[in-house]
> 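Below: one structure in structure tokens.
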Amino acid sequence: MQELESKYIAKNIEKKWYDRWLSKNVFHSLPDERTPYTIVIPPPNVTGVLHMGHMLNETIQDVLCRKERMNGKNVCWVPGTDHASIATEAKVVNLLKEKGINKADLSREEFLKYAWQWKEEKGGIILQQLKELGCSCDWDRTKFTMDEDMSQAVIKVFCDLYDKGLIYRGVRMVNWDPKAQTAVSDEEVIYKDQHSKLYYLRYRFADEKDGYVVVATTRPETIMGDTAVCVNPKDERFASLKGKKLIVPIVNREVPVIFDEYVDMTFGTGALKITPAHDINDYNIGIKHKLNSINIFNDNGTLNDNGLAYKGMDRFDCRKKIVEDLQSADLIEKIEDYDNKIGLSERTSVPIEPKLSMQWFCKMKQMAEPALKAVESGQIKFHPEKFINTYRHWMEDTKDWCISRQLWWGHRIPAYYLPNNEYVVALSLEQAFEKAKQIMPDIKIEDLRQDEDVLDTWFSSWLWPMSCFNGINEPENEEIKYYYPTSDLITGPDIIFFWVARMIMAGLEFRKEIPFKNVYFTGIVRDKLGRKMSKTLGNSPDPLLLIDKYGADGVRMGMLMCSPAGNDLPFDEAYPEQGRNFSNKIWNALRLISGWTEEETEQPESSKLAVEWFKERMNVMLEQIEDDFSKYRLSECLKNIYSFIWDDFCSWFLEIIKPEYQKPIDKKTYRETISVFEDLMKILQPFMPFVTEEIYHKLRERPEDEFLMNACYPKSSKKENPMDGEFVFIKEIITSIRGLRNSKGLSPKQVLQCYIKESGSKDLILKYESIITKLANIDRINFVSDKQEGTLSLMVRTTEIFIPVSQNINKEEEIKKINEQIKYYEGFIVSINKKLSNEKFVNNAPEKVVALERKKLADCETKLNALKQELASLQN
RNA sequence: GGGAGUAUAGCUCAGUUGGUUUAGAGCAUCUGCCUUACAAGCAGAGGGUCAUAGGUUCGACUCCUAUUACUCCCACCA
């Protein structure tokens, strides 16, 4: 075999293998007779770059795909990107601004041309980055939510829901994002705690010179929109206000005092100013009491004509100014510190402004019902299960979904307005024209004007598992029938409502079938201090730099080592480092084996035993692995494989079969070792595809395109595996002899003598004698009936081992140690006896348990006796 | 305000329906080793009243109740 570097350099081989995999198109899937395993990627924003959250998410998907591929399934992992209307539009607007172009100066068509151009040039970088991570996506199927067929599906679904009466248009109070200048859905509003102020303003009586009512508000700038002051009818303090009018400060508008039970008497002064245009509650009260609604804001959050002297100011500048003005007019009673929650736009992080406007809505209730059932019945499984509660809570109380966005980048709403402002909804302008003619027979097609708004991004994402296979446009096509429902969805719990719930609704609504069978919720990647990774904190490592430093395999392992489903992952560079070290460890195992020359010599007993034992161990591990995968315990699974390879294979198996320096190895052991090593690479392949592939090809001559991922995952042969348990005992013996060596400062090179007291374990020890002598570096095992002179004792379970040491034994030290042990076992015996002398225990506990306690007792007594003898011999 | 979850070694987590020697792993720490695959390593070691207080039971890390702390979700109190 060839010379190998002493360190594994991931960089040197990862690209090579990824290119080979691509060139042989091994990730591509087409329907065939095999069972499909389908995952659609949660499409990242087309503008996005890879962050740690993606790394975790995509690694998990790739592990599952690669495992199923080796299980013989027809794996199809569809990659793609989301047009992300708000985020992308904002990005394009900014880019244009840098070029000195103002969006407002462009026509819709001109703007979209720029946007598409930018998307073609810079979009989808993230997909390239996934390749660095080793993701086995079917790149031929790469989708984009604004692809022609995907867009068609969106429009079709819109029309369908409209025809079913589930989509309607109307004026409602919506969440307005003044920066993006669009409405957003309830789910896109993030509430955050904020230290603010509570201002107590004086509203003078209109018909009295002196009196006034004090009203508490957090938003003094909205007084310009006040149309009433409201108090609770039960509030005796305000009983005299019936029929009174008040003067809004600064504005000097006369407004009525109204009475409504809504008002909390205990809050503030018990008097509430009503601004129907800018607060959802005030809006409702306004309707109930037939109040005027005065809008004081422009769409960008500045004051409009109703803002009087403050016209043109930003809403927050206005607040400062108006407070100053109120103070100078002595209209503020007091200002208190106050903590409240404020709604921020998920995308732009600016405070949301409630705004009354004409929008499109989708009714959810009808679709939510079966979607809830699908999860509650277990048809769709959540991992971990606790998210079912979250899901149920939301599904039982769904609000209508505001789906229109005042943007250009996205799917334009297929509603067409007639000159009289009536509208029709249709798949195309032509079809709309046909419909319009029925309303207005003499209409011309040019008279139709399409709605300016686009649809919420999630209105296309919720179709993703179907539209990836063109299942909306051609519901009977072969692909959708084969790949749908998909198998697993891997995503974060933060988009359970945005996306997961809506996909389930859409799947059931449009295909009468669930979109996926399992949902695996990942945790959130945090930094060491437990903070979320964010650009502004600068605490997020660059994934590509990590890959460069530790290899994709190392990073993949690092992401998985501590991320059980649903648990947050506190990221630390120590994890990928551990991953890299693991790659290196395996690499060095390869180097060891590569240095061996095989020869037709007899197989040593120790090697024969080691091979037999390792195969049994492999069986046990394979069952463990299958169990872990079935429960999506990937983190546990990888840890098990890690210690299986590092400890069992490298530290024990290889050390046993390792021939003496520069001696050849017998053919049989050598061949078995190669084969076992190959199996280990198969087991690890889903987690660490690169290093395993490289080693697989170095272990044996094989064609370049005979890829590890196409091999079969090893299966347990499922027989009894007694040696696995026996070996644990043998390891204990070896470890304790090594421990003695260590504590007495004896060199590992020094061959020791070893006496073992005859006992029931004699046969077992004899069976493994060859291994014990080799790994503990002892001469041979001598069975004796009593302790030998000049020896130190070891106790492994109930077996006594005596090791002669040449140096003087420090009697006092030994006596002290033994006394400590005696004390421990005596205490232990007391506690066992307590149990055994308890009649209720003996009568009620299962026989097995009682027998076990008796055995414990017997074992302890044996040990105690031995210790006492030992003590006596030392004290002589 | 409502709901959910978590609490085990310095850190991150296992601990399967209560009973396998008065709790396990990885990382970190300490000791000794550059032993001829690997110092990105080898051989060992130390470290825990299983959040607190009660209860159920022959027996509780495991089940129940309360308390405390943290996390998350939901909700229109200005």
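Per chain, numbering begins at 1; letters A, B, ... match sequence-line order.
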> Do A/R237 side-chain atoms and A/M265 backbone N/O form a donor-acceptor pair below 3.5 Å?
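Yes: the side chain of A/R237 pairs with the backbone of A/M265.
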> Quick one: label A/R392 by what it contacts on the DNA or RNA (base, sugar-phosphate, nothing), any heavy atom closer than 4.0 Å.
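Counting heavy atoms under 4.0 Å across all strands, no contact is made by A/R392.
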> Would you mind classifying the nucleic acid contact of A/T735 as base, sugar-phosphate or nothing, using non-hydrogen atoms under 4.0 angstrom?
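Here A/T735 touches the backbone only, sparing every base.
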> Go through the steps for A/K663 and A/T597 under the test side-chain hydrogen bond (donor to acceptor under 3.5 Å, both in side chains), then give the verdict.
CA-CA 8 Å; A/K663 295 259 174 70; A/T597 46; over 6 Å; no
> Would you say the side chains of A/S583 and A/K585 form a donor-acceptor pair under 3.5 Å?
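The criterion, which ignores hydrogens and geometry beyond distance, is not satisfied for A/K585 and A/S583.
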> So, do A/F653 and A/F649 have ring centers that fall under 6.0 Å from each other?
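Aromatic pair counts; centres sit under 6.0 Å.
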> Are the side chains of A/V255 and A/L291 in touch, meaning some heavy atoms are under 4.5 Å apart?
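The answer is no; the side chains never approach within 4.5 Å.
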> Nearest to the side chain of A/K386, which nucleotide is it out of B/G19, B/G5, B/C13?
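Among the listed nucleotides, the one closest to the side chain of A/K386 is B/G5.
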> Find which nucleotide of RNA chain B each of A/P570 and A/S743 is nearest to by heavy atoms, and output the residue with the more 5' nucleotide.
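In this pair, the answer is A/P570.
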> Taking the six-membered ring of A/Y338, is the NZ or CZ of A/K197 close enough (under 6.0 Å from the centre) and on axis enough (within 45°)?
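Here A/K197 fails the 6.0 Å and 45° test against A/Y338.
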> By the 4.0 Å heavy-atom rule, please label A/N838 as base, sugar-phosphate, or nothing.
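Sugar-phosphate only.
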> Please work out which of the three classes, parallel, tilted or perpendicular, describes the rings of A/Y391 and A/F382, given edges at 30° and 60°.
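If you compare the ring of A/F382 with that of A/Y391, the planes turn out perpendicular.
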> When the nearest nucleotide of RNA chain B is assigned to A/R797 and to A/V842 on a heavy-atom basis, which residue is associated with the more 5' position?
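Final value for this comparison: A/R797.
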> Under 4.0 angstrom, heavy atoms only, what part of the nucleic acid is A/F582 near: base, sugar-phosphate, or nothing?
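The residue A/F582 makes no contact with any strand.
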> Return the stems involving RNA chain B, sorted by first number, where pairs are Watson-Crick (N1-N3 with N6-O4 or O6-N4) or G-U wobble (N1-O2 and O6-N3), both under 3.5 Å, and runs are 3 or more long.
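Result, WC/G-U stems under 3.5 Å: B:1-7 with B:68-74, B:10-13 with B:24-27, B:29-33 with B:41-45, B:51-55 with B:63-67.
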> Which letters describe nucleotides 70-78 of chain B, given B = protein heavy atom under 4.0 Å from base, S = only from sugar-phosphate, - = neither?
---SSBBBB
> Could you check whether A/G827 gets within reach of a base, just the sugar-phosphate, or nothing at all, counting any heavy atom under 4.0 Å?
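Since a base atom lies under 4.0 Å of A/G827, the category is base.
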> Have a look at A/P354 and say if it touches a base, only the backbone sugar-phosphate, or nothing, with a 4.0 Å heavy-atom cut-off.
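The answer is nothing, as A/P354 stays clear of every strand by at least 4.0 Å.
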> Would you mind building the protein contact string for nucleotides 31-38 of chain B? One character per nucleotide, 5' to 3', B for base within reach (heavy atoms under 4.0 Å), S for sugar-phosphate only, - for untouched.
----SBBB
> Between A/D226 and A/A228 (side chain of the first, backbone of the second, donor and acceptor by atom type, cut-off under 3.5 Å), is there such a pair?
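The answer is no, because no donor-acceptor pair under 3.5 Å joins these two groups.
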> Would you confirm whether A/D553, through its side chain, and A/F690, through its main-chain N or O, come within 3.5 Å as a donor-acceptor pair?
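Answer holds: yes.
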> Mark yes or no for a side-chain to base donor-acceptor pair under 3.5 Å between A/R738 and B/A43, with no hydrogen or angle criteria applied.
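Answer is no: no donor-acceptor pair is held.
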> Would you say A/Y642 places a side-chain N or O within less than 4.0 Å of OP1 or OP2 belonging to B/C27?
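Result: yes.
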